[in-house]
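The next block holds one structure in the form of structure tokens; read it before the comments.
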Amino acid sequence: MSVAPPSRPAVAAHGWVQALAVVLAGLLAMAVVAALGLWAAGAADLPDGAFPRVVAATLVTAVGGMVELSGNAGGLAESDAGLTVIPLSVTLTGALVLAAGFLWPLRHRAVAGARELAGWAARIAVLWLVALLVLAFTARQTFTLSLGDLGQDVLGDLGDLFGISPEIGFTTDVAATVLFGLLWLAGVLVLALLVSRGAPLPGRLLRFQESVRPAAYAMVVLLLVYVGLGVVIGLVVAATRGHAAETFAVILLGMPNLVWFALTIGLGATWNGRVDGPFGLPMPHVLDEVLRGTEVAEVNLGTLAEQDGRVWWLIVVDAVLLLAAAFVMARRSPARIRAWQHAVHMAVALALTVLMICLVGRISAHYGLSVLGIGDLGGDLAGELFLKPEVWGAFGLALLWGLVTGFLGGLLARPLRHRGEVAARTEG
């Protein structure tokens with residue numbers, strides 16, 4: 001009489017084919033969002049069939065890669081340009097699709113080995129590396145301009161006289177693109193494991209899930225709610241105030257840039273910036289009004305309220321949504337977690353979230369062109385835009401808001417049923 005060997009637990013298939021599907025799905029989703037946003041912004045009219053390369057460059061910047069602007073105006077002219085901005089709508093789309101694809105084969109699992117998780121992530125990372133290299137070498141283009149096209153008749157005549165044809169273009173820093181693109185992917189996959197309640201963790205890490213997972217989930221929900229509110233407001237603006245194409249471009253390319261910036265402003269944070277030349281911010285107009293001037297401007301509740309008193313409502317929105325996030329965090333935590341512990345968890349999570357916003361939400365752009373030293377005649381020959389946060393002030397305010405809302409959220413969740421084990425509810 002033979003005895004059948006014990007069967008091993010079923011392991012979800014997550015080999016190279018599945019990894020390829022995840023990477024392709026993420027790239028396709030990002031490319032569609034970027035292409036539609038750029039089309040709405042008018043980039044489809046760029047010469048020399050540059051639109052696909054501009055889409056590739058947008059994907060590179062969306063994952064933290066480096067796109068470098070270049071210019072060559074000949075021996076009698078000088079040009080200079082630079083651009084630093086992350087299209088966070090594209091970034092968010094890619095992160096959500098990649099995270100869902102990464103977690104899908106691991107569903108319905110309680111525990112996964114560290115080697116299994118590392119192997120699955122490594123397959124995705126290898127294919128993602130190939131995709132980054134393809135994007136980096138695709139995102140390159142050069143355009144030739146006429147000085148007369150810049151609206152300067154005098155410079156146009158000089159350009160014709162001396163045979164000057166300025167060239168502008170963009171290329172990628174391949175090494176930086178690969179490095180930051182892989183770091184971005186690692187962050188997405190780690191955050192996916194932290195946020196999803198159903199995602200398996202190695203046994204050694206299970207003890208951290210009670211404090212980390214509810215807070216991480218609450219922060220992701222908070223950020224997504226802000227984006228959802230921004231999209232709704234953007235659609236209303238497009239339907240009632242016109243400029244639909246520009247509004248859809250903002251929604252598809254930079255909605256998180258705006259609403260997460262508004263989140264920090266509602267907390268009391270200050271950003272510094274300036275707009276000079278033809279640069280402008282598509283929405284909201286009040287921000288452009290504050291930044292446009294000859295000096296560096298402070299952007300906070302006070303300066304924005306001088307242009308539009310409705311800005312004070314950002315405090316109310318922040319308070320309501322942060323309290324709701326703290327309540328969600330407390331509900332997903334075991335009942336034995338005390339209110340002061342919820343406060344600490346919320347403070348740390350919100351501070352790290354605000355720090356992330358400060359790092360990815362900054363904007364810097366400039367360009368300049370001079371011919372025979374007379375490129376400062378005005379018009380569209382030079383411009384500058386930048387917006388940078390006061391990081392540590394925002395970090396400290398986030399800690400304070402997190403402590404208060406986390407404590408209140410913990411108190412509000414006490415009478416309700418919690419997931420997991422139920423312990424005696426005592427406050428110490």
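Just so we're clear, the structure is a prediction, and the values are computed from it rather than from any experiment. Hydrogens, waters and symmetry mates are skipped; everything else that's a heavy atom, side chains included, is used.
In this structure W271 satisfies the ring pair (Phe, Tyr, Trp, His ring centres under 6.0 Å) test together with F261, sequence neighbours excluded. Scanning for side-chain contact (heavy atoms from CB on, under 4.5 Å) contacts around E306 gives an empty result, with sequence neighbours left out. Listed by chain and residue number, L191, V195, L224 satisfy the side-chain contact (heavy atoms from CB on, under 4.5 Å) test with V220 (two or more places apart in sequence, or in another chain). For F51, the ring pair (Phe, Tyr, Trp, His ring centres under 6.0 Å) criterion is met by no residue, not counting sequence neighbours. With sequence neighbours excluded, no residue forms a salt bridge (charged side-chain N to carboxylate O under 4.0 Å, His left out) with D173. Listed by chain and number, the residues in a side-chain contact (heavy atoms from CB on, under 4.5 Å) with L24 are L20 (sequence neighbours excluded). The side-chain contact (heavy atoms from CB on, under 4.5 Å) check on A21 picks up nothing, with sequence neighbours excluded.
No side-chain donor-acceptor contact under 3.5 Å links R414 to the backbone of G410. Side-chain atoms of R213 come within 3.5 Å of backbone atoms of S196 as a donor-acceptor pair (strictly under, hydrogens ignored). With T58 contributing its side chain and A34 its backbone, the two residues share no donor-acceptor pair below 3.5 Å. Side-chain atoms of Q341 come within 3.5 Å of backbone atoms of R338 as a donor-acceptor pair (strictly under, hydrogens ignored). Side-chain atoms of T405 never come within 3.5 Å of backbone atoms of L323 as a donor-acceptor pair (strictly under, hydrogens ignored). Although no hydrogens or angles enter the test, the distance criterion places a donor-acceptor pair under 3.5 Å between the side chain of T303 and the main chain of E298. With T138 contributing its side chain and R53 its backbone, the two residues share no donor-acceptor pair below 3.5 Å. One N or O on the side chain of N257 and one on the backbone of I86 form a donor-acceptor pair closer than 3.5 Å.
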- Task: Report the C-alpha distance between L387 and R362 in whole Å, list the side-chain angles of each, state the deciding distance to 0.1 Å, and finish with yes or no for side-chain contact (heavy atoms from CB on, under 4.5 Å).
- Result: CA-CA 6 Å; L387 185 62; R362 58 185 62 203; over 6 Å; no
- How far apart are the C-alpha atoms of V126 and W16, what are their side-chain angles, what is the distance that settles it, and do they pass the side-chain contact (heavy atoms from CB on, under 4.5 Å) test? CA-CA 10 Å; V126 170; W16 287 103; 4.1 Å; yes
- Task: Step by step, work out the side-chain contact (heavy atoms from CB on, under 4.5 Å) result for N272 and V299.
- Result: CA-CA 6 Å; N272 298 311; V299 182; over 6 Å; no
- Message: Is there a side-chain contact (heavy atoms from CB on, under 4.5 Å) between L263 and I357? Walk through the geometry before answering.
- Response: CA-CA 9 Å; L263 164 62; I357 294 173; 3.7 Å; yes
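In terms of heavy atoms, L301 sits closest to G266 at CD1-O, 4.3 Å. Of all heavy-atom pairs between T247 and G234, the closest is CG2-O, 3.2 Å. Taking each heavy atom of W39 and A44 in turn, the nearest pair found is CD1-CB, 3.7 Å. In terms of heavy atoms, V188 sits closest to A95 at CG1-O, 3.6 Å. A121 and L189 make their closest contact through CB-CD1, 3.9 Å (heavy atoms, listed as atom of the first residue, atom of the second, distance). Across every non-hydrogen atom of L397 and L267, the tightest pair is CD1-O, 3.7 Å.
Summarising the geometry, atom CG belonging to L287 is positioned 8.0 Å from atom CG belonging to L258; distances are rounded to the nearest 0.5 Å. Note that CD1 of I251 and CD1 of I233 are 10.5 Å apart. Values are rounded to the nearest 0.5 Å. With rounding to the nearest 0.5 angstrom, the OG atom of S364 is 5.5 Å from the NZ atom of K388. If you take CE on M66 and OG1 on T84, they are separated by 6.0 Å, rounding to the nearest 0.5 Å. Interatomic distance, W401 CH2 to M346 CE, rounded to the nearest 0.5 Å: 10.5 Å. With values rounded to the nearest 0.5 angstrom, L127 atom CG is found 10.0 Å from R123 atom CZ.
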Could you go through residues 349-356 and list every donor-acceptor pair under 3.5 Å that involves a side-chain atom there, pairing it with any protein atom two or more places apart or in another chain?
{"unit_1": "T353", "atom_1": "OG1", "unit_2": "A349", "atom_2": "O", "d": "2.8"}

With a 3.5 Å cut-off and sequence neighbours excluded, list the donor-acceptor pairs that the side chains of residues 310-317 form with protein atoms.
{"unit_1": "R310", "atom_1": "NE", "unit_2": "D308", "atom_2": "OD1", "d": "3.1"}
{"unit_1": "R310", "atom_1": "NE", "unit_2": "D308", "atom_2": "OD2", "d": "3.2"}
{"unit_1": "R310", "atom_1": "NH2", "unit_2": "D308", "atom_2": "OD2", "d": "2.7"}

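Side-chain contact between H342 and I337 is present, with at least one heavy-atom pair separated by less than 4.5 Å. Inter-residue side-chain proximity for L27 and L135 is flagged as met; some heavy-atom pair is nearer than 4.5 Å. Looking at heavy atoms from C-beta onward, F102 lies in side-chain contact with L193 at the 4.5 angstrom threshold. Within the 4.5 Å cutoff, the side chain of W120 has heavy atoms near those of the L106 side chain. No side-chain heavy atom of Q18 sits less than 4.5 Å from a side-chain heavy atom of V22. Under the 4.5 Å side-chain criterion, counting only non-hydrogen atoms from C-beta, V328 is not in contact with V221. Two residues are said to be in side-chain contact when any heavy atoms from C-beta on lie closer than 4.5 Å; V290 and Q307 meet this criterion. The shortest distance between side-chain heavy atoms of V85 and T61 does not fall below 4.5 Å.
Judged as a side-chain hydrogen bond (donor to acceptor under 3.5 Å, both in side chains), not a single pair has a partner in residues 90-103 (not counting sequence neighbours). Within the structure, side-chain hydrogen bond (donor to acceptor under 3.5 Å, both in side chains) contacts touching residues 220-232 (residues at least two apart or in different chains) are Y226-D318. Identified under the ring pair (Phe, Tyr, Trp, His ring centres under 6.0 Å) test for residues 172-201, with sequence neighbours left out: W128-W184.
Because its NZ or CZ atom is not both nearer than 6.0 Å to the ring centre of F170 and within 45° of the ring axis, R140 does not count as a cation-pi partner of that residue.
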